[in-house]
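Below is one structure; the comments refer to it alone.
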Number of protein chains: 2
Amino acid sequence: MLSPEQSSISQEMEKFIIHCKQAGLKVTHQRTIIYRELLQRPDHPAAETIHKRITKEVPSISLDTVYRTLATLEQHGLVKRIQTAESQARFEAAIFPHHHLICSACKDVMDIVWPEFDQIELPASIHDWGAISSKNAVMYGVCTNCQARC
Amino acid sequence: MLSPEQSSISQEMEKFIIHCKQAGLKVTHQRTIIYRELLQRPDHPAAETIHKRITKEVPSISLDTVYRTLATLEQHGLVKRIQTAESQARFEAAIFPHHHLICSACKDVMDIVWPEFDQIELPASIHDWGAISSKNAVMYGVCTNCQARC
DNA sequence: TTGACTGCAAACGATTTGCAATTGC
DNA sequence: GCAATTGCAAATCGTTTGCAGTCAA
């Protein structure tokens, strides 16, 4: 979820620490590791996946802490929860605006930037409904890997 | 989920029956009731909500049948599952293409049609990824009711 | 008649919670 | 030192499943 030409992981980690402190969140070892894990890989892991990966670094970390941390960071806008068709939720570091491609076969989620969509105006009818804070596009399809496999 | 000027509930129910028969699905009482319930109200009920509502008509229907029916109808494209930020899945009859407005406060889901988005071209970079079968916009915000309440 | 469908009850997986011990500030 | 955070274990919630009886075709 990091675009390397824009900033480095360590830069993002610094921002993360500042964000936490401003929000009154303690910068614990667990939170740091979980957030760094999300930055390091461009995929969209489930809580359980994150847990498996980081137990190599911190063997004592518990799965409930991963869940709790993700929920806390989500509340503070540092992490985004991605709704997929699967039962497990998936997560990503909330760094730059983008949209999602989901493969119906392998369930993999891919990021895309789509400035044309970001710029498009909302339908006028929305104004009566309320105030929009975010708009997001989700596309379903079959990725080339899975197409080849069939 | 029905746009009244386009067709009536009974017309949609006829289509539903034809669809089922073509797909080799038996037109059972339970399936009929569940689908009609989805047509009758423009909201996006969870399986449990559907079950509560229809027990007034068919007291013996079980919650697992509702789940099973929704899954079956989803597989056949007659029903759509909506991913929200909540833990429960929500459902709607799959009748015409539209997008969703979700209120972050009351979690209510509203349908909107948005032809400008439907017509917009996908980013060229997608073609390398695979074949897209659907694209959908989801907007989060706070509805006027909830704004007034705060 | 017969296989598809249903209701029941029990299992399941993902996530949440209460509590005591621990840790960052 | 103290409140926030963690790890543990147990609970909860939404959903799924095996099985025997039932029903649409």
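Values below: every heavy atom of this structure, side chains too, minus hydrogens, waters and symmetry copies. Numbers restart at 1 for each chain; the letters A, B, ... are given by sequence-line order, proteins then strands.
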Nucleotide nearest [X] (side chain, heavy atoms from C-beta), chosen from [options]:
{"X": "R68(B)", "options": "dT17(D), dA25(D), dG14(D)", "answer": "dT17(D)"}
{"X": "K26(A)", "options": "dG14(D), dG24(C), dA25(D)", "answer": "dG24(C)"}
{"X": "L63(B)", "options": "dT6(C), dT15(D), dC5(C)", "answer": "dT15(D)"}

Quick one: label A89(B) by what it contacts on the DNA or RNA (base, sugar-phosphate, nothing), any heavy atom closer than 4.0 Å.
-> sugar-phosphate
For T72(A), report the nucleic acid contact type (base, sugar-phosphate, nothing); a contact means any heavy atom under 4.0 Å.
-> nothing
Can R90(A) and E86(A) be counted as an ion pair, charged N to O under 4.0 angstrom?
->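 Counted as a salt bridge, because a side-chain N and a carboxylate O are separated by less than 4.0 Å.
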So does R81(B) pair up with E74(B), basic N to acidic O under 4.0 Å?
->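 Result for this pair is yes, salt bridge flagged.
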Specify the separation, in whole Å, of atom [atom1] of [X] and atom [atom2] of [N].
{"X": "L70(B)", "N": "dG14(D)", "atom1": "CG", "atom2": "P", "value": "15 Å"}
{"X": "L25(B)", "N": "dT6(C)", "atom1": "CG", "atom2": "P", "value": "10 Å"}
{"X": "Y67(A)", "N": "dC8(D)", "atom1": "OH", "atom2": "C1'", "value": "16 Å"}
{"X": "H29(B)", "N": "dA25(D)", "atom1": "NE2", "atom2": "P", "value": "13 Å"}
{"X": "I33(A)", "N": "dT5(D)", "atom1": "CD1", "atom2": "P", "value": "17 Å"}
{"X": "K107(A)", "N": "dA14(C)", "atom1": "NZ", "atom2": "C1'", "value": "17 Å"}
{"X": "L73(B)", "N": "dC5(C)", "atom1": "CG", "atom2": "C1'", "value": "13 Å"}
{"X": "E86(B)", "N": "dA14(C)", "atom1": "CD", "atom2": "C1'", "value": "16 Å"}

Starting at the 5' end of DNA chain D, which residue's closest nucleotide do you reach first, T28(B) or T28(A)?
->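 Going by which nucleotide is closer to the 5' end, it is T28(A).
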Of D64(B) and K21(B), whose nearest nucleotide on DNA chain D comes first from the 5' end?
-> D64(B)
Under 4.0 angstrom between S62(A) side-chain N/O and dG7(D) OP1 or OP2 | yes
dA24(D) phosphate, OP1 or OP2, under 4.0 Å from Q30(B) side-chain N/O = no
Is there a donor N/O on one and an acceptor N/O on the other, under 3.5 Å, for the side chain of R31(A) and the base of dG24(C)?
->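 No such pair is found, so the answer is no.
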Would you please classify the geometry between the H98(A) ring and the F96(A) ring as parallel, tilted or perpendicular, with 30° and 60° separating the classes?
-> tilted
How are the rings of F117(B) and W114(A) set to each other: parallel, tilted or perpendicular (split at 30° and 60°)?
-> tilted
Near H29(A) NE2, under 6.0 Å, is it more than 12 heavy atoms from other residues, nucleotides or ligands?
->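 No.
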